[in-house]
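Okay, so here's the structure we're looking at.
Along the sequence shown, residues carry numbers from 1.
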Amino acid sequence: MRSVALKDRVPLGPKGPLGVLVDPMTWRAAPYLLVTGLLGFGWFFVLGVAVPVSLTLSVIWVGVPLMMATVLMWRGGAMLERRLMYAAFGLKIADPYRPRPERGLGAHLRWLLSDPATWQDLGYLLMLLPLGAVEVVLSFVAWFMSIALLIQPLLMTMYELGGVHSELMIGDWVGSCVAAVFGALALVLTAYLARGMAWLHGTLATVLLGGSEEERLRASRARGIDAAEAERRRIERDLHDGAQQRLLSVAVDLGRAQAKFDTEPEVVRMLIAQAHAGTKAAIAELRNLARGIHPAILTDRGLDAALSGLAARAPIRVDVSVELEERPPPAVESIAYFIVAETLANMAKHSGATEASVTVMRDHRGVVVDVWDNGIGGAVVTPGGGLSGLADRAATIDGVLVLHSPVGGSTLVRAELPCEW
């Protein structure tokens, strides 16, 4: 299980035959697998004509705009496929393209042609024809045979009551009932086949349409740097509008008190009292600001105590389990803390949960942080949203954030944070 930035995969399916049959994902994947061959043929035909023509005409510069249009067309097709992956398989793949230049034909050409994601998009669209042909044939044969066997008793009933004869009918009740049993088994196997093909297709789509791992990490690091810069500006603004203004007011009150020290002692006492109150307020604001940057309890006592403090302040019961034999590096501790803090805050606002749990453990690569709740699910990662920011924060140390939140079910947010021990 991986996430969007986040890496993602199509789950192979719920446990048990009944689970895979009633899972909506099976019936969302089946129609796509039946038409993907037509999509592949269409793209193969269009690109087979457009690419050679635009390359030929580009020799005399007439084909340069046509080449740009062709590249933009297949990139648009790849973007559409990413949306279809989400609709059919529940697989969310972010567009991995490099930032677009502001102006200039040459800059746009370099942007289009030097981006590895452009050529991976082309490879995926060309791959759709052979892959889609296999998927269509297997899907059609499997579904047709399953349904044909399953409806044998219905065909026998129609024949005996209305004289309706079908070439698919076996001919007797015993054979029809046996066929229906095999049809039910074949239906389950076909559902598993559909989920397996969806998993394979989704994995290939993730590799080709999601860009390289290096590109994804570079983009996430860039977003992490932007987030850090935005956080720095927020801290500067809070200091300027909060503590700095209070300290300036304290300085003004003390200056006035100094000027009136010999002549108006009562006014001096009042000004000193104002300065004292202002100083305490500034200290409180600085303490709150420092807690938002890095809580003291995390430095002094580690993740267990810090996360227990977060759980104690949550509006519902939150169980905390920290299974670490030794403390991880400070950067990992800080990221784990803020991932839990943001996730619990989102849970309290949106999930409608009545209980939650936080588990921190060690695996062979580093620290794994799981935050689970029993709410209504349906959480998604949106650009600029809180979960996207957490994924970017994790990516600054090459970590990943995993989200599993089916609609109507519980939500699991997992952070995998690599570190050296």
Return yes when atom NE2 of His276 has more than 12 non-hydrogen atoms of other residues, nucleotides or ligands closer than 6.0 Å, and no otherwise.
no
Spacing of CG belonging to Leu39 relative to CG belonging to Leu131, to within rounding of 0.5 Å
11.5 Å
The reported gap from CG in Asp121 to CG in Asp115 (rounded to nearest 0.5 angstrom) is 8.5 Å
Among Phe89, Tyr86, Trp27, which one satisfies ring pair (Phe, Tyr, Trp, His ring centres under 6.0 Å) with Tyr32?
Phe89
Please tell me if the side chains of Leu403 and Thr411 come closer than 4.5 Å, counting only heavy atoms from C-beta onward.
yes
Check whether any side-chain heavy atom of Val371 sits under 4.5 Å from a side-chain heavy atom of Met347, and report yes or no.
no
Would you say the side chain of Arg327 lies within less than 4.5 Å of the side chain of Leu303, judging by non-hydrogen atoms?
no
Between CZ on residue Arg28 and CG on residue Leu33, distance to nearest 0.5 Å
12.5 Å
Around atom CE of Met73, are there more than 12 heavy atoms of other residues, nucleotides or ligands at under 6.0 Å?
yes
Sort out for me which residue in Tyr124, Trp119, Trp43 forms a ring pair (Phe, Tyr, Trp, His ring centres under 6.0 Å) with Trp74.
Trp119
So do the side chains of Val188 and Leu21 get within less than 4.5 Å of each other, counting heavy atoms only?
yes
With rounding to the nearest 0.5 Å, note down the distance linking CG in Leu204 to CE in Met127.
5.0 Å
Rounded distance (nearest 0.5 Å) linking atom NE2 of His201 with atom CG of Leu84
9.0 Å
Beyond-backbone contact of Leu55 with Val51, side-chain heavy atoms, under 4.5 angstrom
yes
Just by modelled atom types, is the Gly183 backbone N or O under 3.5 Å from a matching donor or acceptor in the Ser146 side chain?
no
How far apart are the closest heavy atoms of Ala198 and Ala29, and which atoms are they?
CB-CB, 4.0 Å
Measure across Val322 and Asp304 and return the closest heavy-atom pair with its distance rounded to 0.1 Å.
CG2-CA, 3.7 Å
Please check this pair: side chain of Ser334 against backbone of Pro330, looking for a donor-acceptor N/O pair closer than 3.5 Å.
no
Arg75 side chain to Thr118 main-chain N or O, any donor-acceptor pair under 3.5 Å?
no
Between Arg362 and Glu325, does at least one N-O distance fall below 4.0 Å, as a salt bridge requires?
no
If every non-hydrogen atom of Thr36 is compared with every non-hydrogen atom of Leu128, which pair is closest and at what distance?
OG1-CD2, 3.7 Å
Decide if atom CZ of Arg83 counts as having more than 12 heavy atoms of other residues, nucleotides or ligands within a radius under 6.0 Å.
yes
When you look at Tyr337 and Leu310, which way does the side-chain contact (heavy atoms from CB on, under 4.5 Å) test go after all the steps?
CA-CA 9 Å; Tyr337 174 85; Leu310 286 176; 3.5 Å; yes
Can you tell me how far apart CG (Leu150) and CG (Leu185) are? Round to the nearest 0.5 Å.
11.0 Å
Leu125 versus Glu81: any side-chain heavy-atom pair under 4.5 Å?
yes
I would like to know whether Ile335 and Ile339 meet side-chain contact (heavy atoms from CB on, under 4.5 Å); could you show each step before the answer?
CA-CA 6 Å; Ile335 291 173; Ile339 285 176; 3.7 Å; yes
So, for Ser351 and Asp373, which heavy atoms are closest and what is the spacing to 0.1 Å?
CB-OD1, 3.9 Å
Flag, side chain of Asn374 to backbone of Glu355, donor-acceptor distance under 3.5 Å:
yes
Measure across Leu417 and Ala394 and return the closest heavy-atom pair with its distance rounded to 0.1 Å.
CD2-CB, 3.9 Å
Without swapping roles, check the side chain of Thr359 against the backbone of Ser321 for a donor-acceptor pair under 3.5 Å.
no
Can you find a pair of side-chain heavy atoms, one from Leu155 and one from Ser176, that are under 4.5 Å apart?
no
State, with a plain yes or no, whether a side-chain heavy atom of Gln120 is found less than 4.5 Å away from one of Leu209.
no
Let me see the working for Trp143 and Leu187 under side-chain contact (heavy atoms from CB on, under 4.5 Å), right down to the final yes or no.
CA-CA 7 Å; Trp143 286 112; Leu187 185 66; 3.5 Å; yes
Which pair of heavy atoms, one from Ala205 and one from Met85, lies closest together, and at what distance?
CB-SD, 3.7 Å
